[in-house]
There are 2 protein chains.
Amino acid sequence: MKGLGELERSIMDILWAENAPLTAREVGRMIEDRDLAPTTVMTVLDRLSRKGFLTRTRDGRAWRYQPAASRDAYVAELMLEALDMTGDRDAALTRFAQAVSGSEAEILRKALTELEEE
Amino acid sequence: MKGLGELERSIMDILWAENAPLTAREVGRMIEDRDLAPTTVMTVLDRLSRKGFLTRTRDGRAWRYQPAASRDAYVAELMLEALDMTGDRDAALTRFAQAVSGSEAEILRKALTELEEE
DNA sequence: GGGGTAGTACTACGTCCCGTAGAGAGGTAA
DNA sequence: TTACCTCTCTACGGGACGTAGTACTACCCC
């Protein structure tokens with residue numbers, strides 16, 4: 001999986017936060033703080049769909065974009081990818097477990113317990 | 001934290017695998033499959049230490065390089081960094097827990113249990 | 001002590017990714 | 001018709017990275 005640039009991530013964040021598929025114009029209106037040219041937004045949306053992060057469907061002449069996967073799925077995949085980098089997955093996982101904060105350790109524990117029960 | 005390129009990662013892998021600090025020449029001899037110029041190896045080692053991945057100490061006229069952190073620590077940090085990207089850490093963690101394989105879930109569980117006991 | 005060798009620092013070039021955007025074409029509405 | 005919206009295509013500049021040459025210094029062997 002390829003990574004995301006800063007603007008790409010901002011745009012993904014907008015689309016992840018929204019439930020409905022958005023047009024380039026709509027996305028552009030939601031980043032107004034950056035004062036980007038409309039074509040800039042379009043270009044980035046296009047690149048993101050080319051990279052597989054977005055799917056798009058026609059709406060009249062415009063495209064509507066929406067994330068191909070949830071942010072959680074993306075984050076989990078990034079984490080797995082990092083994990084794949086190591087020769088010793090167990091050591092890395094152990095270290096990771098030690099590094100998460102207490103409340104998060106709790107979340108993990110719960111998720112793992114539920115897994116076990118299935 | 002910045003990411004690593006492909007050659008950079010190969011070189012980090014060599015240094016992570018080795019216990020002793022290595023010189024550029026020694027590293028170069030261990031990547032012979034790629035037939036790199038000696039200066040290439042030096043340049044990359046230099047960049048890696050500039051980025052904080054390596055520390056180096058003098059050995060005569062040569063530098064000896066060694067990782068600033070273990071690979072496990074690096075991987076764990078990458079995972080945490082991915083986790084930081086999400087607004088909903090719990091959801092991402094849950095998904096991650098579901099995504100790891102059974103044996104790895106076991107490792108995580110154990111690590112978390114040990115944490116709890118401390 | 002002079003030449004090869006090893007090592008360093010500095011500089012450089014090509015490529016790819018990404019942020020950014022303009023140009024041009026083709027609909028659409030007033 | 002005119003103004004506008006949206007698309008696609010093309011492009012440029014910066015930064016990271018793979019790759020390496022050059023120039024300089026220090027050391028070893030004959």
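Order of the sequence lines fixes the chain letters, A, B, ..., with proteins taken first and strands second; residue numbering starts at 1 for each chain. Just so you know, these numbers come straight off a predicted model, no measurement behind them.
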Any Arg9(A) side-chain N or O less than 4.0 Å from OP1/OP2 of dC18(C): no
Separation of atom CZ in Arg56(B) from atom P in dA9(C), rounded to whole Å: 5 Å
Base dA6(C) paired with Arg61(B) side chain (donor-acceptor, <3.5 Å): yes
For the student: nearest non-hydrogen atoms of Ser10(A) and Arg34(A), plus distance: OG-NH1, 3.6 Å
Nearest-angstrom distance from the residue atom CZ of Arg34(B) to C1' of dT19(D): 10 Å
Shared hydrophobic cluster for Leu45(B) and Trp16(B) (ILVMFWY, side-chain gaps under 4.5 Å): yes
Short side-chain N/O contact to dC17(D) OP1/OP2 from Lys51(B), under 4.0 Å: yes
Polar side-chain contact Arg47(A)-dG19(C) base: donor and acceptor under 3.5 Å: yes
Interatomic distance, Leu45(B) CG vs dA20(D) P [rounded to whole Å]: 15 Å
Separation of dG18(D) P from Met42(B) CE (nearest whole Å): 17 Å
Residue pair Arg56(A) / Asp46(A), side-chain heavy-atom distance below 4.5 Å: yes
Residue whose nearest DNA chain C nucleotide is more 5′ - Thr43(B) or Thr23(B): Thr23(B)
Whole-Å distance separating the CH2 atom of Trp63(B) from the P atom of dA26(D): 15 Å
Whichever of Asp35(B) and Arg64(A) has its nearest DNA chain D nucleotide further upstream toward 5': Arg64(A)
Distance-only donor-acceptor test (3.5 Å): side chain Thr39(A), base dG22(C): yes
Upstream residue (5' side of DNA chain C) when Lys2(A) and Leu36(A) are each assigned their closest nucleotide: Lys2(A)
Atom-to-atom span, CZ of Arg58(B) to C1' of dT25(D) - whole angstrom: 11 Å
Atom pair distance, as rounded to whole Å: CG in Asp46(A) and C1' in dA11(D): 15 Å
Under 3.5 Å donor-acceptor, Arg109(A) side chain and Leu112(B) backbone: yes
Lys110(A), NZ atom: more than 12 neighbouring heavy atoms under 6.0 Å: no
Sugar-phosphate only, base, or nothing, as touched by Gly3(A) at under 4.0 Å among non-hydrogen atoms: sugar-phosphate
Any Thr40(A) side-chain nitrogen or oxygen under 4.0 Å from OP1 or OP2 of dG19(C): no
Atom-to-atom span, CG of Leu7(B) to C1' of dT15(C) - whole angstrom: 15 Å
